[in-house]
Trainee: 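I have a structure I would like to understand better, so I am pasting it below and will then ask my questions one at a time.
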Amino acid sequence: MQASDHSLEIAPGCLWFRDALDRAAQEQLVADIRAVIAQAPLFTPRMPRTGKPFSVRMTNCGPLGWVSDETGYRYQSFHPDTRRPWPDMPASLLALWAAHAAGAPPPEACLVNVYDAGARMGLHQDRDEDDLTAPVLSVSLGDTAVFRIGGAARTDPTRSARLSSGDVLRLGGASRLAFHGVDRVIAGSSSLLDGGGRINLTLRRVTVSA
DNA sequence: TAGTAACA
DNA sequence: CCAT
């Protein structure tokens with residue numbers, strides 16, 4: 001991993017570490033995530049109540065994983081289709097947390113979001129964690145995302161930022177409950193992933209530590 | 001309300 | 001017509 005001293009605060013409490021990961025570190029993460037997907041296949045989450053599918057596919061690693069279906073959003077310890085426990089969190093991700101979320105209790109969930117061509121993510125808050133004091137770390141791999149972030153209210157003004165492969169974003173403090181999403185992914189903007197697309201990793205602490 | 005469409 |  002390559003330490004990035006330079007960070008930009010794009011919203012209060014939201015730190016953008018550009019080029020935090022060099023190419024080798026990105027390739028290591030991709031290899032680790034491929035291994036996770038081999039154990040815990042990508043699934044298509046659905047909206048609570050309506051059952052409308054997301055355009056991104058997901059999986060998780062770590063003791064807990066985020067899932068969504070007609071029942072609602074939740075964290076659970078097993079894959080929704082295979083019913084098997086989520087794979088262990090790779091050392092590369094634990095190192096990333098140590099480097100960019102120092103002082104926070106260990107991460108319990110890494111949500112893997114796979115954006116194929118045309119996939120988007122509507123504006124939302126990460127608020128299903130019991131521990132809302134720990135930051136959320138977001139890692140961008142592959143094609144550039146046109147990311148949007150606002151404030152804690154849905155109607156707050158938003159700004160956009162292009163998140164490139166290797167960027168790390170930390171949502172903490174006042175931005176921990178900021179609405180955010182991905183307007184679109186710029187096809188062909190990265191050579192990291194065979195076949196293109198984008199992988200986003202979000203590392204979260206879920207339970208309140210003693 | 002992590003979805004979309006419709007509308008002012 | 002486009003953006004919100």
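By convention in this document, chain letters (A, B, ...) are assigned in the order of the sequence lines, proteins followed by strands, and residues within each chain are numbered from 1. Values reported hereafter were calculated over all heavy atoms of this structure, with side chains retained and with hydrogens, waters and symmetry mates removed.
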Trainee: Need one value for N200(A): base, sugar-phosphate or nothing, where a base atom within 4.0 Å counts as base even if backbone is also close, heavy atoms only.
Mentor: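 Nothing: the residue N200(A), judged by heavy atoms under 4.0 Å, touches no strand.
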Trainee: Write down the distance between CE (M121(A)) and P (dT4(B)), rounded to a whole number of angstrom.
Mentor: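 Rounding to the nearest Å, CE of M121(A) and P of dT4(B) are 11 Å apart.
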Trainee: At under 4.0 Å between heavy atoms, what does R46(A) touch on the DNA or RNA strands: base, sugar-phosphate, or nothing?
Mentor: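 Nothing: the residue R46(A), judged by heavy atoms under 4.0 Å, touches no strand.
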Trainee: Starting from C1' on dT1(B), measure out to CD on E70(A) and report it in whole angstrom.
Mentor: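 Distance check: E70(A) CD to dT1(B) C1' gives 16 Å.
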Trainee: Rounded to whole angstroms, how far apart are NE2 on H124(A) and P on dT1(B)?
Mentor: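 One finds 13 Å between P of dT1(B) and NE2 of H124(A), rounded.
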Trainee: Does the side chain of Q26(A) pick up a donor-acceptor pair with the side chain of S165(A) at under 3.5 Å?
Mentor: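 Result is yes, a qualifying pair exists.
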Trainee: Please report, rounded to the nearest Å, how far the C1' atom of dG3(B) is from the NZ atom of K52(A).
Mentor: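 After rounding, the gap between these two atoms is 6 Å.
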Trainee: List in chain and number order the residues that pass side-chain contact (heavy atoms from CB on, under 4.5 Å) with A40(A), two or more places apart in sequence or in another chain; answer none if no residue qualifies.
Mentor: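 Partners of A40(A) by the side-chain contact (heavy atoms from CB on, under 4.5 Å) criterion, ordered by chain and then number, come out as T59(A), H79(A), W86(A), P87(A).
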Trainee: Please determine which of D81(A), V36(A), T82(A) meets the side chain to side chain contact (heavy atoms under 4.5 Å, CB included) test together with P41(A).
Mentor: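 Option passing the side chain to side chain contact (heavy atoms under 4.5 Å, CB included) with P41(A): T82(A).
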Trainee: For nucleotides 1-4 of chain C, which of its nitrogen or oxygen atoms have a protein nitrogen or oxygen under 3.5 Å away, and what is each distance?
Mentor:
none

Trainee: Could you tell me whether R204(A) contacts a base, only the sugar-phosphate backbone, or nothing, with contacts defined as non-hydrogen atoms closer than 4.0 Å?
Mentor: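 Counting heavy atoms under 4.0 Å across all strands, the contact made by R204(A) includes a base.
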Trainee: For L123(A) and dT1(B), give me the distance from atom CG to atom P, rounded to whole Å.
Mentor: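 In whole Å, dT1(B) P lies 14 Å from L123(A) CG.
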Trainee: Rounded off to whole Å, could you give me the NE2-to-P distance for the H180(A) and dT1(B) pair?
Mentor: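 It works out to 15 Å between those atoms.
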Trainee: Search all heavy atoms of A178(A) against all heavy atoms of H180(A) and return the closest pair with its distance.
Mentor: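 Result for this residue pair: O-ND1, 2.9 Å.
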Trainee: Output yes when at least one side-chain N/O atom of R120(A) is less than 4.0 Å from OP1 or OP2 of dT4(B), else no.
Mentor: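 The answer is yes; a side-chain N or O of R120(A) sits under 4.0 Å from OP1 or OP2.
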Trainee: What are the two closest non-hydrogen atoms of R176(A) and D131(A), and how far apart are they?
Mentor: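 Closest approach of R176(A) to D131(A): NH2-O, 3.9 Å.
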Trainee: Mind checking what makes salt bridge (Lys or Arg N to Asp or Glu O under 4.0 Å) contact with R74(A), not counting sequence neighbours?
Mentor: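 Counting only residues at least two positions away or on another chain, R74(A) forms a salt bridge (Lys or Arg N to Asp or Glu O under 4.0 Å) with D69(A).
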Trainee: In whole angstrom, give me the gap between the C1' atoms of dA6(B) and dT1(B).
Mentor: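 So the two C1' atoms sit 16 Å from each other.
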Trainee: Checking all strands, does R49(A) fall into the base, sugar-phosphate, or nothing category for heavy-atom contacts under 4.0 angstrom?
Mentor: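 Sugar-phosphate contact only.
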Trainee: For residues R205(A) and E108(A), report the shortest heavy-atom separation together with the two atoms involved.
Mentor: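 R205(A) and E108(A) have their closest heavy atoms at NE-OE1, 3.4 Å.
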